[in-house]
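Here's the structure we're looking at; comments come further down.
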Amino acid sequence: MQLAQNVASALRLAESMLFGGGQQTARRNAWDAVCENRRYARDRQETERALLRAVR
């Protein structure tokens, strides 16, 4: 977990040096949306598995 946080911090630092504020915010928002979609997909898969187990 700590490694992931360090990598994320390093990427944010590089991003802030390379991009202006508006583009940086847009990229961060896009990445947050990707992560949220992955969480929803995982939740849907877990729910589907639970329902299939309940039916059997």
Side-chain angles (χ1 to χ4, degrees):
M1 188 67 153
Q2 183 65 31
L3 176 62
Q5 290 173 343
N6 289 342
V7 170
S9 294
L11 289 173
R12 277 191 210 100
L13 177 62
E15 181 184 54
S16 67
M17 293 175 152
L18 295 173
F19 302 111
Q23 188 173 9
Q24 180 180 354
T25 300
R27 286 177 183 270
R28 190 166 300 134
N29 288 344
W31 182 248
D32 287 344
V34 167
C35 293
E36 188 66 22
N37 285 341
R38 289 178 181 174
R39 280 190 290 273
Y40 285 142
R42 252 191 323 271
D43 289 347
R44 283 192 302 272
Q45 289 174 344
E46 290 173 11
T47 301
E48 182 180 357
R49 287 185 202 118
L51 289 172
L52 287 173
R53 282 193 301 270
V55 170
R56 292 181 186 169

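Along the sequence shown, the residues carry numbers beginning at 1. Please read these numbers as outputs of a predicted model, since none were measured by experiment. The figures here come from the full heavy-atom set of this structure, side chains too, leaving out hydrogens, waters and symmetry mates.
- Taking CG of Asn37 as the start and CG of Asp32 as the end, the distance is 11.0 Å to the nearest 0.5 Å.
- Using a 4.5 Å cut-off between side-chain heavy atoms of Ile, Leu, Val, Met, Phe, Trp and Tyr, with links allowed through other members, Val34 and Leu11 fall into different hydrophobic clusters.
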Mind listing the side-chain donor-acceptor pairs of residues 41-55 below 3.5 Å, one per line with the distance, residues two or more places apart or on another chain?
from	atom 1	to	atom 2	distance (Å)
Thr47	OG1	Asp43	O	2.9

